[in-house]
Protein chains: 2
Amino acid sequence: MVKMMREKIKIKKIDYLPARQVTFSKRRRGIFKKAAELSVLCESEVAVVIFSATGKLFDYSSSSFLTRNKVI
Amino acid sequence: MVKMMREKIKIKKIDYLPARQVTFSKRRRGIFKKAAELSVLCESEVAVVIFSATGKLFDYSSSSFLTRNKVI
DNA sequence: AAGGCTATTTTTAGATC
DNA sequence: CGATCTAAAAATAGCCT
């Protein structure tokens, strides 16, 4: 197979919608994973809230975030 | 210099406090950076809230998070 | 505590299905 | 939309100062 060269990506809006949606999905999960790891490694509480460009909400929080921090 | 082998780390509480504090600091920044990148790449709004084990608050939000999402 | 180094691990862009 | 693959880029553990 042919080896493809890829450019190092720049941190600017991804213009092509399908690629932007794929990146949104992949990176969103990446952040949630990192948040979960941080909470376990360092016994900290982490919450992440993301609104997509279309207004859809995605969120993650470590299990005791809300109670430990007296949000509820 | 001697090449050191490192074990792949396990996602469990880091027992040694100084190492845990360093990891907390490094990974916290890593997550904030990822959050900032996601918001730019995908025109999304991202907020991250972290409480350290000692209760100290750290947070990040993309610039229009609060207004766009009518939090304020 | 904070910052640099670097081997290694992890994430991810782009393709494909 | 989601999963898998892979080379390349990025994050980071452990060490140092």
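Chain A is the first sequence line, chain B the second, and so forth, proteins listed ahead of strands; every chain is numbered from 1. Keep in mind that what you see is a predicted model, and the values were worked out from it rather than measured.
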Q) At under 4.0 Å between heavy atoms, what does B/Ser25 touch on the DNA or RNA strands: base, sugar-phosphate, or nothing? A) nothing
Q. In Å, rounded to the nearest 0.5 Å, how long is the span from CD1 of A/Ile11 to CG of B/Leu38?
A. 10.0 Å
(Q) Do A/Ser39 and A/Glu45 pair up side chain to side chain, a donor and an acceptor below 3.5 Å, judged on atom types alone? (A) no
Q. Relative to each other, are the rings of B/Phe65 and A/Phe51 parallel, tilted or perpendicular (30° and 60° limits)?
A. tilted
Q. Given C/dA13, D/dA11, D/dA13, which nucleotide is nearest the side-chain atoms of B/Thr23?
A. D/dA13
**Q.** Partners meeting side-chain hydrogen bond (donor to acceptor under 3.5 Å, both in side chains) with A/Arg27 (sequence neighbours left out)
**A.** B/Glu37
Q. Once you round it to whole Å, what is the distance between C1' of D/dA13 and NZ of A/Lys34?
A. 12 Å
Q | Interatomic distance, A/Phe58 CZ vs D/dG2 C1' [rounded to whole Å] | A | 13 Å
**Q.** Heavy-atom side-chain contact between B/Asn69 and A/Val49 under 4.5 Å
**A.** no
Q) Per the end-axis method with five pairs at each terminus, what is the bend angle of the helix from C/dA2-D/dT17 to C/dC17-D/dG2, to 10°? A) 40°
Q) Got a second to check how far B/Lys13's NZ is from B/Arg20's CZ, nearest 0.5 Å? A) 4.5 Å
Q | Position toward the 5' end of DNA chain C (nearest nucleotide), B/Arg27 or B/Leu41 | A | B/Arg27
Q. Atom CD of B/Glu37 and atom P of D/dA9: how far apart are they, to the nearest Å?
A. 15 Å
Q) Does OP1 or OP2 of C/dT8 have a side-chain N or O of B/Lys8 closer than 4.0 Å? A) no
(Q) With a 4.5 Å cut-off on side-chain heavy atoms, are A/Ile50 and A/Phe32 touching? (A) yes
Q | Rounded distance (Å) that lies between atom P of D/dG14 and atom CZ of B/Phe24 | A | 18 Å
**Q.** Spacing between B/Leu38 atom CG and D/dA11 atom P, to the nearest angstrom
**A.** 13 Å
Q.
Using whole Å, what does the distance between atom C1' of nucleotide C/dT9 and atom NZ of B/Lys10 come to?
A. 14 Å
Q. Hey, does A/Val48 have a side-chain heavy atom less than 4.5 Å from the side chain of A/Ser61?
A. no
Q) Rounded to the nearest 0.5 Å, how far apart are OH of B/Tyr16 and CD of B/Gln21? A) 10.0 Å
Q. With respect to the side chain of A/Ile9, which nucleotide from D/dT12, D/dA11, C/dA13 is positioned closest?
A. C/dA13
Q | Among D/dC1, D/dA10, D/dT12, the one nearest A/Gln21 by side-chain distance | A | D/dC1
**Q.** Rounded interatomic separation in angstrom, taking CZ from B/Arg20 and C1' from D/dT12
**A.** 18 Å
(Q) As a quick check of understanding, evaluate side chain to side chain contact (heavy atoms under 4.5 Å, CB included) for B/Ile14 and B/Ile9, giving each step before the final call. (A) CA-CA 10 Å; B/Ile14 298 167; B/Ile9 69 136; over 6 Å; no
Q | Protein-nucleotide distance (A/Ile11, atom CD1; C/dT12, atom P), rounded to Å | A | 10 Å
What N/O pairs connect the protein and nucleotides 3-5 of chain C at under 3.5 Å? Give each pair on its own line.
unit_1 : atom_1 : unit_2  : atom_2 : d
C/dG3  : OP2    : B/Arg29 : NH2    : 3.4

Q. Should A/Lys33 be listed as having a side-chain N or O under 4.0 Å from OP1 or OP2 of C/dT11?
A. yes
